[in-house]
Structure formats: C-alpha cells, structure tokens
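Scroll down for the structure; my scribbles are underneath it.
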Amino acid sequence: MTSHRFSALGPLTGAISVPGDKSISHRSLMFAGLAVGRSTIAGLLEGEDVLATAAAMRAFGAQIARNEDGTWTVDGVGVGSLLEPKTALDMGNSGTSTRLLMGLVASHAITATFVGDASLSGRPMKRVIDPLAMMGAGIEASAGGTLPLMLRGASPAVPITYRLPVASAQVKSAVLLAGLNTPGITRVIEPVPTRDHTERMLTGFGAKLEVGVENGETVIAIHGEADLKPMDVTVPGDPSSAAFFMVAASIVPGSDLTIRNVGLNPTRAGLLAVLRQMGADIEEVNPREVGGEPVADLRVRHAQLTGVDVDPAIAPSMIDEFPVLFVAAALAKGTTRTSGLDELRVKESDRLATMAAALTSVGARVEEHEDGLTIHGTGGEPLRGSANGRVKTMLDHRIAMSMAVAGLVSRDGVMVDDTAPINTSFPTFMPLLEEAAR
Ligand code: S3P
C-alpha cells in the first residue's frame, strides 16, 4: 500500500492531455488480436487493466509489441483460431478484460481459467455466465458466480437473442464477441443505451453488424463466423480520466485548465451535462473526430457549483464518473440527490458505500440510500480533510482519484490509504495533477 496526502495546491492552469480511453484500448487490442494481419494502435492506454488484456491476447496467440514511438503493433490470430492459454489468465483488477474475454473464449474450442485480485474476485460474473452458457459454453465459477472461474468454449456455439437484464456494456460486448465465432446471427437487445465502442469498432474491423430500434429498444445483430481485417486505430483521450480534472478545475478557485483530446461519445458524456447543469464553466474547443469518435479540447474554469437532482436516466452515460461527481456535490451550494445507482455497488468497490464513508470522514455531509447518495454541499467552503485518519479506497482507482480531488479543496488535506490502484487506469494522474497545479 502506498499512501499519499493530497493537499490544497494552487489553481489548475495550462493544458494537459489525459491518456487513451480504457474501454477503447481494451477493444482495440482484442479486435486487432482477432484480425488476420497487422494492425497498429496509437494512443493506447498503458495502464495495468489494458496490459492484462494484452497479456491475455498474447496467450491466445496474437503477437503484440510496443514500438519505440509509443504505438503498438498487433498481428492477429484470426476469429476461430485462438490458442488455448497454457496458464491461468490473470485479469488483475479489470472487469472489462474478464467479461469481454470470457465472451471471446465462449465460442472457441478452448478452455481458459480466469483469476483476479481481491476486488475483481468479489464481482458478479453471473451476468456474463448466463448468456454464455445459453450459447453452449461450460463454466465452473467460484461460489456466488465469481472468479476464479474456468470456461470451456463451445464449438460451434449457438446463436441467441439476449435481452440485457442490466444496463451493461460489458455484458453486451461479451455476447457480441461470442457471436463473432458463432454460426448465424447473435442478437443483443438493449433497453437502456450503454457505451457503443464495441459496435463502432467491430464495424471498423470489418464485422457485419446491424444496429436497429424495435419497440423503443436498441437491437444489435452480429453475423457470425466473421473475418476481421486489420486496422490502424487512434485511441481518443478517456473522458472518465478527464472527469477528475473537469471537477478539480471547477472546484479549485482561480482555475483555468484546458484538457486536450477528450472523447465525447454521447454514451460517455453524461458528466459534462450534469456539471453544466450545476453551473460549471466548460467550453468545448476544436470539436473533431478521432478514431471514429467525437473528440474536443475542454476548457474548464472555476465556477461555484449548485446542487441538482441527477436524472437516473443519465446514469449509464456517466457510470464511472459518479465518485468524482459526489466530490463536486460536496463542494456545491445546496443539495445534490442521486438515485437509480444500484450498479455502483458492484464496481471495483461498492462505490456508494465507499464514497459515503470517504466523504463523511473528510467532513462532507452525506446520506447513503439503497440506490444513491444525497449530498449537502459546503457552498465552496473547503472540506475539513483528514488530519490523522486515512481514507479507505478499497482497491478502487476511481475512489483514490476522487478523494485526491477532494483533498485539493480541504483544510487539512486528504490522506488516501493506497494510490497504487490508480495505475490500473490512469498511471500519469499524479504527475499531471502536479503539472496542472504548478
Ligand atoms: C465498460 C463498461 C462499464 C464501465 C467499465 C467499462 C466497458 O461497466 O463501468 O469501466 O468498457 O464496457 P458495466 O458494463 O459493468 O456497466
């Protein structure tokens, strides 16, 4: 455990670039690893979660190398030709690696064992086990449907039509990836839209994929036994990483910070909308397209935020941003109410309980409900901070970064118990924070 005290620094100014999008980075390695031929990836996030995906794709037979200029080269094995890994696949902290790769194995004639850290080993896998078992995969999971688990792929797998019982891009993607090597058409019905990177990117890699609307629900159909062709991918900056700096610059007086190259896919842009509703001053500069995704530079200036009632319908488009939104709410004027956030209880930690405890321990006024938090903000007054105690982050990178941001507007600073998990998604977070506050 590496603890660190985050204290009030100066205003955040200048311009920074956040690393590549985590969701897109995972998918670029997986899809390039399935294509026949050589792909290159620019802007790949080199965080531990994505490196776990790279290691797994190597174990499946793809050749993956980092070039001197920071780009990555992937020589794929081809859909249907995955090799059986010789040892267990260590997924570390990464739910995305686990769930998407389970989908991949499910329709190949191989067996793979998935293991992970304490956080990942407590997370529910039944949500992917159920549809993959319907497609014919054999799965032996630990009690409660968790890791470690062993998955025996079916060959041929059976195409299904699956209506998502939870709003989850990971479950959607697991079924679509299984569908890649399944004869016929595999369909996913999505009642609530979630991030659509899989759909966008698979189309780019040459898969036949149709997206339609039936009875107000999105239906995604993938044609199986696909041949993927290699592609050059440029990964845009991660809006979920930019989120910490969007909130930090909004709440630290005097800030005027530009965050370059932020992905603004509408299925990811919920935090921007909610912060603006709270009165944030965020300007989109130079909107453009990078790697098939909308991107802009964001100029964020300090503003006094006001509490709002967050519409639960917006939750899927900012699902990873709630911890840092709670920090913004703790400094806002008035009360912020959130609801419909049951999914936050099964992320890298129970993010409702962990953030309620963390914010309360640094002097914020927080009420925890079954499906959300109510936060009474200070109106801009600094939080007390944690003079002695350490804030518990429960192996959750986004809790650690959110509480680091809280420390910037606190009297005593905030002592985060363990900053090591930040490396899973945002290895440059600490140096960028120092750079912006210099
Ligand atoms: C992700 C989907 C989301 C998100 C996670 C990344 C993805 O998870 O929380 O960080 O890349 O598909 P769920 O599908 O569980 O909502």
Side-chain angles (χ1 to χ4, degrees), residues 19-31 44-45 47-50 52-53 91-104 116 119-120 122-132 145-147 162 164-178 188 190-202 218 220 235-236 238-244 263 265 267-271 293 312 314-325 340-352 354 395-399 401-402 421-422 424-426:
D21 188 280
K22 183 154 74 76
S23 293
I24 295 174
S25 294
H26 282 298
R27 286 159 175 80
S28 65
L29 287 170
M30 290 178 197
F31 304 163
L44 187 83
L45 168 65
E48 288 166 3
D49 280 11
V50 174
T53 289
M91 303 283 90
N93 190 251
S94 179
T96 310
S97 311
T98 309
R99 296 195 178 117
L100 270 60
L101 293 172
M102 282 173 67
L104 205 53
S119 153
L120 183 60
R123 297 182 66 187
M125 295 299 151
K126 188 172 182 300
R127 52 183 62 198
V128 276
I129 292 174
D130 286 348
L132 299 179
T146 56
L147 260 48
Y162 192 67
L164 293 178
V166 276
S168 165
Q170 293 179 355
V171 179
K172 168 175 68 175
S173 301
V175 176
L176 293 175
L177 287 192
V188 178
E190 192 179 42
V192 182
T194 63
R195 66 191 68 195
D196 61 357
H197 306 303
T198 297
E199 297 90 307
R200 287 177 187 240
M201 290 183 76
L202 273 181
T218 308
I220 306 134
V235 181
D238 196 326
S240 301
S241 296
F244 302 104
N265 179 312
T267 63
R268 300 284 299 280
L271 178 72
E293 298 273 349
I314 206 169
S317 68
M318 55 176 294
I319 195 68
D320 292 335
E321 284 67 81
F322 279 97
V324 79
L325 174 75
L341 302 180
D342 324 62
E343 272 298 301
L344 291 195
R345 296 211 181 266
V346 291
K347 294 293 179 189
E348 285 83 331
S349 70
D350 174 342
R351 287 182 172 163
L352 294 179
T354 314
L395 283 180
D396 189 330
H397 55 133
R398 298 203 196 278
I399 306 291
M401 290 185 276
S402 298
I422 293 175
T424 61
S425 69
F426 197 169

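First listed ligand is number 1; within each ligand, the first listed atom is number 1. A quick note: this is a predicted structure, and the numbers were derived from the prediction, not measured. Residue numbers count from 1 along this sequence.
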**OP:** Could you tell me whether some N/O pair between Lys347 and ligand 1 is separated by less than 3.5 angstrom?
**Re:** yes
Original post:
With atoms numbered from 1 as shown, which atoms in ligand 1 lie under 4.0 angstrom from a non-hydrogen atom of Ile319?
Top reply: 9 (O)
Original post:
Going by distance only, is there an N or O of Ala169 that falls short of 3.5 Å from an N or O of ligand 1?
Top reply: yes
Original post:
How long is the gap from CE on Met30 to CG on Leu177, to the nearest 0.5 Å?
Top reply: 7.0 Å
Original post:
Among Arg99, Arg27, Lys22, His197, which one has a heavy atom closest to atom 7 (C) of ligand 1?
Top reply: Arg27
Original post:
Where the side chain of Asp21 meets the backbone of Ile24, is there a donor-acceptor pair that is under 3.5 Å apart?
Top reply: yes
**OP:** Please check if the side chain of Thr354 supplies one atom and the backbone of Ser349 the other of a donor-acceptor pair under 3.5 Å.
**Re:** no
**OP:** May I ask you to check if ligand 1 and Ser23 share an N or O to N or O distance below 3.5 Å?
**Re:** yes
Subject >> Distance-only donor-acceptor check, side chains Ser168 and Arg99, under 3.5 Å >> reply: no
Subject >> atom 1 (C) of ligand 1 [closest protein heavy-atom partner, distance rounded to 0.1 Å] >> reply: Gln170 NE2, 3.6 Å
Original post:
Under 4.5 Å between any side-chain heavy atoms of Met125 and Thr146, yes or no?
Top reply: no
Original post:
Got an N/O contact under 3.5 Å between Ser168 and ligand 1?
Top reply: yes
Subject >> Residue selection (non-hydrogen contact nearest atom 9 (O) of ligand 1) among Ile24, Asp320, Leu164 >> reply: Asp320
Original post:
Pick from Asp238, Asp49, Asp320: which one makes a salt bridge (charged side-chain N to carboxylate O under 4.0 Å, His left out) with Lys22?
Top reply: Asp49
